[in-house]
Amino acid sequence: MSRQRSRRVELPPAQENIEKLEKVVNDGNYYGAQQMYKSVSARYVSAQRYCEALDILHSGACIQLSHGQVTCGAELALLFVETLGKGKIPYNEEILERLDKIYKSFPRVSLPQNLWDVDDMQQLSENIGSAKTRVEGCSSFLKAAIKWSAGNGVNKNGSPELHIMLAEYIFSESPEVDMAKVTHHFVRGNNPKKFASTLVSFLGKCYPGEDDLAIARAVLRYLSSGNLKDANILMEEIKKQTESAEVAFPKTELMQFIAYLLQTC
């Protein structure tokens, strides 16, 4: 016990380490800084000074990501979530804001709408590879955060806000969007209007025959989870937004079926 107490005293305030480590990153020594972030934060965790360990990891994740170091930043982001669990930190608005800040630090790079409509195929291949790395890194971080939040009694499916973040990032950054994954997380979220905007955006660039299927999948997912309210909000919002956008609402037999199904429910 006395050793543990002395160890706590020997550790300086976290801010001192944060400032030193930020300088290492700003000097361009990303790998060296990464190893230091991991070893220094581990000392605070070992001393059960979880809040300070979280401060160090949060700062490290954000600054590495802001420098485009996705692999390093995603690793520290995962350690941040892992430390939340070790410290038995409760889910609250402050923690959600910190998770949101890490999420917003992940780079966002636009890819051509038609991936093959470019001259430099080598550059395109590199861009696609980088996009996959970004999506995998952000997805791993947010999935871990969702799992942690579910274990803290927020919601059996995890934080709705975190599901929305993951759905948005997958949609905006994936070289080839998997709408099934996007739908899965939006349905577990709490913002059907934002989901509607995403679907309208998808309608404007999807292949023929995918438009009505995407809408039907979304409505059926809501209904299968017992959420008739958001299913109706989604459909109303899609119709409203397609009227003001240069995108046509699909008028197919599948859409007629969905309309009748919602009326019946």
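Numbers here are sequence positions counted from 1.
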From CA spacing to verdict: salt bridge (Lys or Arg N to Asp or Glu O under 4.0 Å), Lys132, Glu136:
CA-CA 6 Å; Lys132 288 181 177 179; Glu136 288 171 4; over 6 Å; no

Rounded to the nearest 0.5 Å, what separation is found between the [atom1] atom of [X] and the [atom2] atom of [Y]?
X      : Y      : atom1 : atom2 : value
Ile95  : Asp100 : CD1   : CG    : 12.5 Å
Phe80  : Ile102 : CZ    : CD1   : 5.0 Å
Gln35  : Cys72  : CD    : SG    : 8.0 Å
Lys156 : Ser149 : NZ    : OG    : 14.0 Å
Lys143 : His185 : NZ    : NE2   : 5.5 Å
Leu99  : His58  : CG    : NE2   : 7.5 Å

Are [X] and [Y] connected in the hydrophobic side-chain network, where two residues link if heavy atoms are under 4.5 Å apart?
X      : Y      : answer
Val45  : Trp148 : no
Leu203 : Met255 : yes
Val177 : Val200 : yes
Leu96  : Leu54  : yes
Leu213 : Leu199 : no

salt_bridge([X], [Y]) N-O dist < 4.0 Å:
X      : Y      : result
Glu237 : Lys240 : yes
Arg98  : Asp55  : yes
Lys239 : Glu243 : no

Can you see whether [X] engages [Y] through a side-chain donor-acceptor pair at a distance of less than 3.5 angstrom?
X      : Y      : value
Glu168 : Thr198 : no
Ser139 : Tyr169 : no
Tyr44  : Asn17  : yes

Could you pull out the closest heavy-atom pair between [X] and [Y], with the gap in Å?
X      : Y      : value
Ala214 : Phe202 : CB-CE2, 3.7 Å
Glu173 : Pro107 : OE1-O, 4.0 Å
Thr183 : Ala218 : CG2-CA, 3.7 Å
Gly60  : Leu76  : C-CD1, 3.5 Å
Pro192 : Leu234 : O-CD1, 3.6 Å
Glu52  : Ala14  : OE2-N, 3.4 Å

Counting distance only, does the side-chain N/O of [X] pair as donor-acceptor with the main-chain N or O of [Y] below 3.5 Å?
X      : Y      : result
Ser59  : Ile56  : no
Arg49  : Leu11  : yes
Ser159 : Asn155 : no

Does some side-chain heavy atom of [Y] sit less than 4.5 Å from a side-chain heavy atom of [X]?
X      : Y      : answer
Val187 : Asn227 : no
Phe249 : Asp211 : no
Asp230 : Asn191 : no
Met179 : Val182 : yes
Lys38  : Gln34  : yes
Leu166 : Ile170 : yes
Ser197 : Gln241 : yes
Cys62  : Ser105 : yes

Which of Ile18, Leu79, Ile63 passes side-chain contact (heavy atoms from CB on, under 4.5 Å) with Tyr37? It is Ile63

From CA spacing to verdict: side chain to side chain contact (heavy atoms under 4.5 Å, CB included), Leu223, Leu228:
CA-CA 6 Å; Leu223 293 179; Leu228 176 60; 3.6 Å; yes

Where does the angle between the aromatic ring planes of Phe195 and Phe186 fall among parallel (under 30°), tilted (30 to 60°) and perpendicular (over 60°)?
parallel

Aromatic plane relationship, Phe106 with Phe141 - under 30° parallel, 30 to 60° tilted, over 60° perpendicular:
parallel

Check the pair Leu261 / Leu220 against side chain to side chain contact (heavy atoms under 4.5 Å, CB included), numbers first and verdict last.
CA-CA 9 Å; Leu261 178 62; Leu220 292 173; 3.7 Å; yes

Centroid separation His67 to Tyr30 less than 6.0 Å:
yes

Run the numbers on Lys20 and Val24 for side chain to side chain contact (heavy atoms under 4.5 Å, CB included), then give the verdict.
CA-CA 7 Å; Lys20 291 176 183 177; Val24 177; 5.8 Å; no

